[in-house]
Each structure stands twice: as structure tokens, then as C-alpha cells.
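Notes to accompany the following structure.
Proteins come first, then strands; the chains are lettered A, B, ... in the order of their sequence lines, and each starts at number 1.
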Protein chains: 2
Amino acid sequence: MVTDVQERLDEFVKACKSIGLKITPQRLAVYEVLLRRTDHPTVEEVYEEVRKLYPFVSLATVYRTVETLEELGFISKVPYWGGSARYDANTSHHHHLICTVCGAIADVDLNINWEPPAYMKGYQVHRFSINIYGVCPKCQNSKT
Amino acid sequence: MVTDVQERLDEFVKACKSIGLKITPQRLAVYEVLLRRTDHPTVEEVYEEVRKLYPFVSLATVYRTVETLEELGFISKVPYWGGSARYDANTSHHHHLICTVCGAIADVDLNINWEPPAYMKGYQVHRFSINIYGVCPKCQNSKT
DNA sequence: TTGCATGCAAAGGATTTGCACTATC
DNA sequence: GATAGTGCAAATCCTTTGCATGCAA
């Protein structure tokens, strides 16, 4: 599932060096947590997990790091409106399955033979992503 | 573009009556504003516009009404993460073009010959929507 | 050493909620 | 007249920011 966490971390370190960002344990820890989780955690959830290793980190730092990672293109926000932002370290072209009951989000690869045109309604198009809404197995079972 | 505002309002009134919700000018005004706008306004923007007609309404009521409308399926949140939630009264199957610079959102109809399977990864699938990211005409021009 | 990054706490913005009052049914 | 809906203001939740200190380069 997660392709070479270490390799991705190395890339991140390289990127930081090349643009003059310092390599701090906090930054690495935040990215590593995101790499190891495929459930699109919130900043709060990342924070909880980073804290297990580095109890001194602050939420603000996690927010700042996540913003940096996003700007560098290492992670992205899941395009869905819930209570708080959810992040995804999977940068390959993929889509999301979203449970409309509990909000769980899973990645899906789809072989869709469709590419958006370069321009639509005057917009210069860069990429697209698909949200598929449904009910996850857990929520199907808990129906009474 | 907007298909029969009055007709849709009537449907809403009918729905309210059938489930015992009261018909108040605030509710109608909020829905009407949403029906007449195709630019996916925020709650704040809806509020500003409703206020022109009914200067006494409160933001809280707009929030509550928008929530009701969403639960009844008359409007939906645009699945994109920006500063605040944006709503859409277009309930036909359509997709969104999103400007990554200014956040503008436009509706698009796509003829995609793809239907999601009934089940994916155990999720029972209901519907899907596509976000297409790019740069809107306005932002293309303002590049220096 | 030289900043950039961090931690802390306070600020800010969006949204929700409690309560008394009002208006629809 | 009963009750759901509203307005107001306070509360809450999520996120950002200012500032002094600490650490990577």
C-alpha cells in the first residue's frame, strides 16, 4: 500500500535542502505519520500520533508543517467538506470513496478512459478528481 | 440556467408541509437566493442578499435554514475545501470546475460514459461527482 | 553564529447553541 | 394556543498568528 516510506522521506529531505528548509524531527515525524496512514487523518489526528513519539510538539507546528508539505506537493487536502481538513500523502492520481454516514474516506484507483479537455468554459484545466459517495461496510452493518 | 425558480419553491413548500415544517419568509428567501445564484455562495453571501429583502434576519437563521435545505436534499455543499462552505441549489447530476487561484466554482455538465459499480471496496455506491481544477479566465489574465 | 522553526498563548473566522420571544399552523 | 422558528449573543471548534526561545546549518 505505502510505497517505500523511507524513500519518500528521503525525497522530502532532499527537497527541503534544495529550497533551504531545515530538516527538523517534527517535520519528518508529521510526514511519516501521513505516509503510514491511508485513512486521511485530520491535523488533530496527526498531532495525536506525532505526540506519541515527540510529546513536546505543538498543534501549531503540525498545522504549519502540513501547510508546508501541501505547498511542496507532498500531501494534499481531500476535497470534501467535513468538520476539519483531512490530508492524503498519496500523490498518485487516484480518487476517493466517501461514506456519507460516518465520513470515512478510502482511496480508489479507477481506470477511466477520460481526460478533461485543456480548456473548459475558459478555465485552463490542470487535473481532476472524483468523489464517490456511498455507505461504508461498517455503516451498512450498523443499520437497524 | 435556473429552471423555474417558482416551481422549485413550490416543491419546497410542499415538502415542508408534508413533513410538518413551517413556511417562513426566511426559509423561502434563503432558498430563493440559492436558486437564483449559480456561483455557489457562502452562507455569509446568502445572508447579505437575504438581508436586502429582510433586514432583520440573523446569520444563525441562514445557517439553520441552509442545514435544513441540505437535509431535505434541495441544496448541497460543494465538495471542496476553502475558507467556508459553499452551497449549490443545482440538484441535477453535474460537476464542478474550480479555480485553484481565486476559488471560483463553476458548474459543468460532462458526458461521461462511466457509471460507478454498485459496490466498491465494500462501499455501497450512491453517486459520484467530479472536481476539475484549473485557472479561471479572470486569473489567467491577471498573471503578470 | 544566523536565521528559520518551534512552543505557547492569544487571536481570528466559521459555525453552532441556549434562551426568550415571535409567528405559523 | 401550541409549538416550531427566529434573533441575539455567547460558546465552540478549527485554524492562524505574534512573539520569545531554541535548534539546524
Side-chain angles (χ1 to χ4, degrees), chain A residues 9 12-31 33-34 40-48 50-51 53-72 74-87 103, chain B residues 9 12-34 40-48 50-72 74-87 103:
Chain A
L9 282 171
F12 176 50
V13 169
K14 213 180 297 173
C16 286
K17 284 183 180 165
S18 78
I19 57 174
L21 294 179
K22 293 179 177 169
I23 319 294
T24 66
Q26 290 90 332
R27 281 196 175 138
L28 292 177
V30 167
Y31 188 34
V33 166
L34 252 353
H40 315 82
T42 61
V43 173
E44 190 77 34
E45 288 165 343
V46 173
Y47 170 64
E48 298 296 350
V50 171
R51 265 192 155 227
L53 288 170
Y54 305 95
F56 50 84
V57 294
S58 79
L59 226 204
T61 296
V62 179
Y63 270 102
R64 282 187 275 231
T65 304
V66 139
E67 198 188 337
T68 305
L69 283 164
E70 193 181 11
E71 282 167 5
L72 297 183
F74 285 92
I75 64 173
S76 56
K77 276 185 186 138
V78 179
Y80 175 65
W81 214 286
S84 34
R86 295 179 165 278
Y87 287 89
Chain B
L9 282 172
F12 176 50
V13 169
K14 213 179 299 174
C16 285
K17 284 183 180 164
S18 78
I19 57 175
L21 294 179
K22 292 179 179 169
I23 318 294
T24 66
Q26 290 91 329
R27 279 194 177 141
L28 293 177
V30 167
Y31 187 35
E32 185 167 354
V33 166
L34 252 354
H40 314 83
T42 61
V43 173
E44 189 78 34
E45 289 166 342
V46 173
Y47 170 64
E48 298 296 350
V50 170
R51 269 195 151 220
K52 290 178 190 165
L53 288 171
Y54 304 94
F56 49 85
V57 294
S58 79
L59 227 204
T61 296
V62 180
Y63 270 101
R64 281 187 277 231
T65 303
V66 138
E67 197 188 337
T68 304
L69 283 164
E70 193 181 10
E71 281 166 5
L72 297 183
F74 285 92
I75 65 173
S76 57
K77 276 185 185 138
V78 179
Y80 176 66
W81 215 285
S84 34
R86 296 180 164 278
Y87 288 88

Original post:
Any side-chain donor-acceptor pair under 3.5 Å between A:Y31 and A:R27?
Top reply: no
Subject >> Distance (rounded to the nearest 0.5 Å) between A:F74 CZ and A:T65 OG1 >> reply: 13.5 Å
Original post:
Which residues satisfy the side-chain contact (heavy atoms from CB on, under 4.5 Å) test with A:R86, sequence neighbours excluded?
Top reply: A:H40, A:T42, A:E45, A:V78, A:I105
Original post:
Which atom names give the shortest non-hydrogen contact between B:S58 and B:Y47, and what distance separates them?
Top reply: C-CE1, 3.6 Å
Original post:
5' to 3' on DNA chain D, which nucleotides open and close the contacts with chain B (atom under 4.0 Å from a heavy atom)?
Top reply: D:dT3 to D:dA9
Original post:
Which whole-number value in Å describes the distance from B:W81 CH2 to C:dA14 P?
Top reply: 14 Å
**OP:** In sequence, state the C-alpha distance, the side-chain angles, and the governing distance for A:E44 and A:L59, and then conclude on side chain to side chain contact (heavy atoms under 4.5 Å, CB included).
**Re:** CA-CA 7 Å; A:E44 190 77 34; A:L59 226 204; 3.9 Å; yes
Subject >> CZ on B:R51 to CG on B:L53, rounded to 0.5 Å >> reply: 12.5 Å
Original post:
Taking the six-membered ring for Trp, are A:W81 and B:W81 parallel (under 30°), tilted (30 to 60°) or perpendicular (over 60°)?
Top reply: parallel
Original post:
Between atom CZ in A:F56 and atom P in C:dC8, what is the gap in whole Å?
Top reply: 10 Å
Subject >> Those residues that, when tested against B:Y87, pass side-chain contact (heavy atoms from CB on, under 4.5 Å) (two or more places apart) >> reply: B:L34, B:V43, B:V66, B:E70, B:I75, B:K77, B:A85
Original post:
B:G20 near the nucleic acid: base, sugar-phosphate alone, or nothing, with a heavy-atom cut-off under 4.0 Å?
Top reply: nothing
**OP:** Rounded to 10°, tell me the angle between the two end axes of the helix from C:dT1-D:dA25 to C:dC25-D:dG1, each built from five pairs.
**Re:** 40°
Subject >> Heavy-atom pair with the smallest gap, counting every atom of B:F12 and B:L69 >> reply: CE1-CD2, 3.5 Å
**OP:** Please name all residues satisfying side-chain contact (heavy atoms from CB on, under 4.5 Å) with B:T68, sequence neighbours left out, ordered by chain then number.
**Re:** B:L21, B:L72
Subject >> Sugar-phosphate or base contact per nucleotide [nucleotides 16-25 of chain C; S, B, -; heavy atom under 4.0 Å] >> reply: BBB-----BS
